[in-house]
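Any value given below was found using the heavy atoms of this structure, including those in side chains, with hydrogens, waters and symmetry copies removed. Order of listing sets the numbers, starting from 1, for every ligand and every atom in it.
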Amino acid sequence: MKIMEIEGARELSGTIRISGAKNATVALIPAAILTDEEATICNIPEITDTDALCDILEALNVEVKRASESIIINPKNMKNIEIEEQYSKKLRASYYFMGALLGKYHKASMYFPGGCSIGARPIDLHLKGFESLGATVTNEGNKYIVEAEELHGANIYLDIASVGATINIMLAAVRAKGRTVIDNAAKEPEIVNVATFLNNMGAKISGAGTSTIKIDGVDHLHKCFHEVIPDRIEAGTYIIIGALCGNMLKIDNVIPDHIDALLSKLEEMGVELEIGADYVIVSKKDKYKATDIKTAVFPGFATDLQQPFTVLQTQATGKSKTTETIWENRFMHISYLRELGADITVKNQTATIIGPTKLKGAEVVATDLRAGAAMVAAGLTAEGKTTITNVEHILRGYEQIVEKLTNVGAKINLKEI
Ligand code: UD1
């Protein structure tokens, strides 16, 4: 088991460079099997979710070459065999193999995906989408078999603008016969990045980034080169950390438009930001104004930034509220923030935070990926030593987090116990 130890209350200055987006990467890797030719993807983050997807590729006999931050995927000798539970349960995004395998071979057999326990996380919208394209879904316990004689275009309305369902249906539809229209599609930048990748391979997708995506099926996809966009959630996390402990901390390789909602909320609190074309510079101020947030689909306030943002709310004067609307179980970080001294109560889907409080180091748990990021932000802010257990969750999504923070003056280390 790995733990993280942080000696907090140190000033952070220098530059943190943002890596490629986890949530784009985890869809791009399965998407690459839709061709029989080589796909080269650069700016791939070195996180354990990337490793887990490469393990699945290798289990399917796909050739994978990894060099620093880039990956070459060659599915020439691929075999469409069942994806075992030991692979699928490692991460949520293993479900993208369902759409990709269905799109390419008209059959996918795999187990229910794993991932953070932040809610029930059903995949009914993905499966309904596949059925609309002509597939039948059979499930035996945890195993799902999705197959079709032929895939045909369809008009699909998503009851919820789900990121996963939007991408998965896109993957299944790119090689279907005819036109698929996804209405109430999710608009997250990662979806645009995946659509661009598929279009570079010869797909015909328009409207990604809006709530109506049109996909005209093609017979063949070819080799391509692609770059992953910067990770807006990683960027947002470090910007929040900068507001807590920074002294002219520069967060580099950022697309500010992707984190508009966060930047506006930070400005509302009184955080001083210098926003450049591809960077943000942020310093800690002595006083912040209490501010409410409510999570929403893009371009709303990202649910993945809600947990780290709570830490900043503990430093604001007065009563702040955070309302979570996407996931029903995303307040597990709160009890650990209380261990550090925060004054927070949770009722239904709203947390009320009274501040400012001086946080003091304690032993805490990273209950999920972004709760873990919140623990790191809190540990860096708190006086004394914070020990975080279950840090495997954090390493699934933050590339070289210890090195990046150490480089800007944090005292943080990772230990195997
Ligand atoms: C993705 C992100 C995750 C982020 C989330 C919301 C990845 C790998 N993960 O997760 O970091 O927190 O978007 O921005 O990209 N739902 C259903 N049925 C379905 C699918 C979803 O009811 O078939 C519900 C979910 O329970 C949830 C909501 O829709 O309440 C949004 O989920 P969705 O956008 O699908 O999230 P993920 O793609 O799993």
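Taking a 6.0 Å sphere around CD of Glu272, one finds it holds 12 or fewer heavy atoms contributed by other residues, nucleotides or ligands.
No hydrogens or angles considered: nothing links the side chains of Asn23 and Glu188 as a donor-acceptor pair under 3.5 Å.
Each of Thr50, Thr48, Asp49 was checked for a side chain to side chain donor-acceptor pair (under 3.5 Å) with Arg396, and the lone residue meeting it is Asp49. A side chain to side chain donor-acceptor pair (under 3.5 Å) with Ser19 is found for exactly one of Glu69, Gln400, Lys404, namely Lys404.
No side-chain donor-acceptor contact under 3.5 Å links Asn193 to the backbone of Val228.
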Go ahead and list the nitrogen or oxygen contacts between ligand 1 and the protein that come in under 3.5 Å, distances to 0.1 Å, or just say none.
{"unit_1": "ligand 1", "atom_1": "11 (O)", "unit_2": "Asn23", "atom_2": "ND2", "d": "3.2"}
{"unit_1": "ligand 1", "atom_1": "11 (O)", "unit_2": "Asp304", "atom_2": "OD1", "d": "3.4"}
{"unit_1": "ligand 1", "atom_1": "11 (O)", "unit_2": "Asp304", "atom_2": "OD2", "d": "2.6"}
{"unit_1": "ligand 1", "atom_1": "12 (O)", "unit_2": "Asp304", "atom_2": "OD1", "d": "2.6"}
{"unit_1": "ligand 1", "atom_1": "12 (O)", "unit_2": "Trp327", "atom_2": "NE1", "d": "3.0"}
{"unit_1": "ligand 1", "atom_1": "15 (O)", "unit_2": "Asn23", "atom_2": "ND2", "d": "3.4"}
{"unit_1": "ligand 1", "atom_1": "18 (N)", "unit_2": "Asp124", "atom_2": "OD1", "d": "2.7"}
{"unit_1": "ligand 1", "atom_1": "23 (O)", "unit_2": "Pro122", "atom_2": "O", "d": "3.3"}
{"unit_1": "ligand 1", "atom_1": "23 (O)", "unit_2": "Asp124", "atom_2": "N", "d": "3.1"}
{"unit_1": "ligand 1", "atom_1": "23 (O)", "unit_2": "Asp124", "atom_2": "OD1", "d": "3.2"}
{"unit_1": "ligand 1", "atom_1": "23 (O)", "unit_2": "Leu125", "atom_2": "N", "d": "2.8"}
{"unit_1": "ligand 1", "atom_1": "30 (O)", "unit_2": "Ile326", "atom_2": "O", "d": "2.6"}
{"unit_1": "ligand 1", "atom_1": "34 (O)", "unit_2": "Val163", "atom_2": "N", "d": "2.8"}
{"unit_1": "ligand 1", "atom_1": "35 (O)", "unit_2": "Ser162", "atom_2": "OG", "d": "2.6"}
{"unit_1": "ligand 1", "atom_1": "38 (O)", "unit_2": "Tyr95", "atom_2": "OH", "d": "3.0"}
{"unit_1": "ligand 1", "atom_1": "38 (O)", "unit_2": "Gly164", "atom_2": "N", "d": "2.8"}
{"unit_1": "ligand 1", "atom_1": "39 (O)", "unit_2": "Tyr95", "atom_2": "OH", "d": "3.2"}
{"unit_1": "ligand 1", "atom_1": "39 (O)", "unit_2": "Arg121", "atom_2": "NH2", "d": "3.2"}

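Between Phe301 and Phe309, the ring center distance clears the sub-6.0 Å criterion.
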